[in-house]
**Student:** 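Got a structure here, written out as structure tokens. Questions coming.
Keep in mind that what you see is a predicted model, and the values were worked out from it rather than measured. Just follow the structure's listing: the first ligand is 1, and inside any ligand the first atom is 1.
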Amino acid sequence: MKILILHGPNLNLLGTRETEVYGSMTLGDINAKLIELGEELGVKIKCIQSNHEGALIDALHDARIWANGVVFNPGGYTHTSIALRDAISAIQIPVIEVHLSNVYAREEFRHVSMISAVCKGKVVGFGWRSYTLGLRALVEMSG
Ligand code: DQA
């Protein structure tokens, strides 16, 4: 089994960005945790981050060919991107939406997600553990 971990805009700054909201782990630290968990679960993990909407869409289209599923944190594009939603609908592999912060305890504009309705499930508010919980759920469901 192969899983894509896809990180959206500004997540490359984790570790220094609003650490009171997002925690002190860097993106590299989170990816290392996911690769380690992947080894434990017997799945291959590929991690991609982009600040560009089109590059995220390309990564989703590519995943259609090689991956069994995607764990996706679209960052701020969550709240705005119909194009990402359409890409998720188009690829027909399960996508799990994850967010480090509890978006529902934050500004109202973060309560809206363009992609939730086309995702298999969603994990929010557990910091980096949102990703590991999402990965575990995806692997269990796909096995
Ligand atoms: C985020 C929440 C988004 O609202 C925000 O724009 C992000 C990070 C999270 O992981 O909590 O960039 O997706």
**Student:** Using the side-chain hydrogen bond (donor to acceptor under 3.5 Å, both in side chains) rule, pick out the option among N51, N12, N31 that qualifies with H7.
**Tutor:** N31

**Student:** Please list all pairs meeting side-chain hydrogen bond (donor to acceptor under 3.5 Å, both in side chains) that have one or both residues in residues 54-71, counting only residues at least two apart or in different chains.
**Tutor:** none

**Student:** Between S50 and A55, which heavy-atom pair has the shortest distance, and what is it?
**Tutor:**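 Minimum heavy-atom contact is OG-CB, 3.3 Å.
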
**Student:** Which atom pairs, nitrogen or oxygen on both sides, join ligand 1 and the protein at under 3.5 angstrom?
**Tutor:**
| unit_1 | atom_1 | unit_2 | atom_2 | d |
| --- | --- | --- | --- | --- |
| ligand 1 | 4 (O) | H79 | NE2 | 2.7 |
| ligand 1 | 4 (O) | R110 | NH1 | 2.8 |
| ligand 1 | 6 (O) | G76 | N | 3.2 |
| ligand 1 | 6 (O) | R110 | NH1 | 3.1 |
| ligand 1 | 10 (O) | N73 | ND2 | 2.9 |
| ligand 1 | 10 (O) | L100 | N | 2.8 |
| ligand 1 | 11 (O) | L100 | N | 3.3 |
| ligand 1 | 11 (O) | S101 | N | 2.9 |
| ligand 1 | 11 (O) | S101 | OG | 2.6 |
| ligand 1 | 12 (O) | R17 | NH1 | 3.2 |
| ligand 1 | 12 (O) | R17 | NH2 | 3.1 |
| ligand 1 | 13 (O) | N73 | OD1 | 2.8 |
| ligand 1 | 13 (O) | H99 | ND1 | 2.8 |

**Student:** Carefully, step by step, assess R110 and H79 under the rule side chain to side chain contact (heavy atoms under 4.5 Å, CB included).
**Tutor:** CA-CA 6 Å; R110 294 185 206 277; H79 318 297; 3.8 Å; yes

**Student:** Using modelled atom types and a 3.5 Å cut-off, is there a donor and acceptor pairing between side-chain atoms of S116 and backbone atoms of S113?
**Tutor:** no

**Student:** Are I45 and V71 packed together at the side-chain level, in the sense that at least one heavy-atom pair is separated by less than 4.5 angstrom?
**Tutor:**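 I45 vs V71: side chains apart.
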
